[in-house]
Amino acid sequence: MDLGEWRADWLWSLPIITTTVVFHAFFLKLLNQAVSSLLTGRARTTLVEIFSIIAVAGTAFCCTVLHGCEASMWAFAYKMLGAMPTGTNAMLYSLNAMTSYGHTDIELQSQWQLMGSLEALDGWILFGLTTAFMFNVIQTIWSQHTRSK
């Protein structure tokens, strides 16, 4: 395949990667503020453990929704470009690409296949950010829990 054929993949993928990473970081910042407020406001109560569980569960839920929104951005692009026949197929393909799960027989049209690989790269970046963020949340909770004893 000629590298010139992949130009459109790069032209579409790089702005989507940049947008999803900025979107992800922005919402992780908001989520961090919410978790910090929850833990700081409740650190001296006897219910620290319950609030800690709520904070971790809520963070995991919000991060999952965030990843779903970002996969939707890719699915929208695939559908808009005609790389996928339906929105459902586009979303399923997007989630498979982003998570590197890849257990469907849905494929992008050949001219857009590099774009699917670039989405997988985006998924690695986003999941790396989420992992670091979740680690920070848990570390903050442990720190709060140690101080409240």
Side-chain angles (χ1 to χ4, degrees), residues 3 6-45 47-84 86-104 106-109 111-148:
L3 291 179
W6 285 349
R7 190 172 304 136
D9 294 75
W10 285 99
L11 289 174
W12 279 96
S13 299
L14 292 178
I16 296 172
I17 290 171
T18 303
T19 301
T20 58
V21 170
V22 169
F23 181 79
H24 201 80
F26 175 76
F27 279 96
L28 288 179
K29 178 182 180 250
L30 293 178
L31 189 55
N32 184 53
Q33 291 171 343
V35 169
S36 294
S37 294
L38 175 68
L39 294 175
T40 303
R42 307 284 189 218
R44 302 208 191 282
T45 70
L47 302 174
V48 169
E49 288 81 13
I50 293 171
F51 286 111
S52 297
I53 292 168
I54 291 168
V56 170
T59 300
F61 176 81
C62 291
C63 286
T64 302
V65 170
L66 187 56
H67 282 282
C69 291
E70 292 152 356
S72 295
M73 291 179 197
W74 283 94
F76 176 77
Y78 294 141
K79 178 71 174 117
M80 188 182 79
L81 292 168
M84 281 282 146
T86 68
T88 302
N89 282 359
M91 188 64 183
L92 181 57
Y93 179 85
S94 180
L95 287 169
N96 274 287
M98 186 170 282
T99 62
S100 300
Y101 180 63
H103 285 310
T104 66
I106 300 172
E107 294 183 10
L108 292 173
Q109 290 181 358
Q111 71 204 48
W112 298 111
Q113 287 180 346
L114 177 63
M115 195 170 172
S117 297
L118 292 169
E119 182 180 4
L121 173 63
D122 187 29
W124 278 91
I125 294 168
L126 298 174
F127 285 110
L129 288 170
T130 299
T131 301
F133 180 74
M134 288 294 298
F135 178 79
N136 185 53
V137 167
I138 292 169
Q139 198 170 38
T140 300
I141 289 169
W142 288 342
S143 173
Q144 291 285 337
H145 182 68
T146 303
R147 278 188 251 148
S148 68

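Scanning for ring-ring contact (aromatic ring centres under 6.0 Å, His included) contacts around Phe27 gives Phe23, with sequence neighbours left out. When the ring-ring contact (aromatic ring centres under 6.0 Å, His included) test is applied to Tyr101, the partners found at least two apart in sequence or on another chain are His103.
Around the CZ atom of Phe127, the shell of radius 6.0 Å holds more than 12 heavy atoms that belong to other residues, nucleotides or ligands. When the shell of 6.0 Å around CH2 of Trp112 is examined, it contains more than 12 heavy atoms from other residues, nucleotides or ligands.
Looking only at side-chain heavy atoms (C-beta outward), Met115 and Ile16 come within less than 4.5 Å of each other. Leu14 is not listed as a side-chain neighbour of Leu118, based on a closest heavy-atom distance of 4.5 Å or more. Residues Val35 and Thr140 form no side-chain contact, since every pair of their non-hydrogen atoms from C-beta on lies 4.5 Å or further apart. In this structure, the side chains of Tyr93 and Tyr78 come closer than 4.5 Å at one or more pairs of heavy atoms. Counting heavy atoms from C-beta outward, Cys63 and Leu31 have side chains that approach closer than 4.5 Å. The shortest distance between side-chain heavy atoms of Asn32 and Leu28 does not fall below 4.5 Å.
The closest donor-acceptor contact from the side chain of Glu119 to the backbone of Trp74 lies at 3.5 Å or more, if one exists at all. At least one donor-acceptor pair closer than 3.5 Å links the side chain of Ser94 to the backbone N or O of Ala71.
In this structure, CE on Met91 lies 12.0 Å from CD1 on Ile106, to the nearest 0.5 angstrom.
Residue pairs satisfying the side chain to side chain donor-acceptor pair (under 3.5 Å) criterion with at least one member in residues 130-139, sequence neighbours excluded, are listed as follows: His24-Thr130, His67-Thr130.
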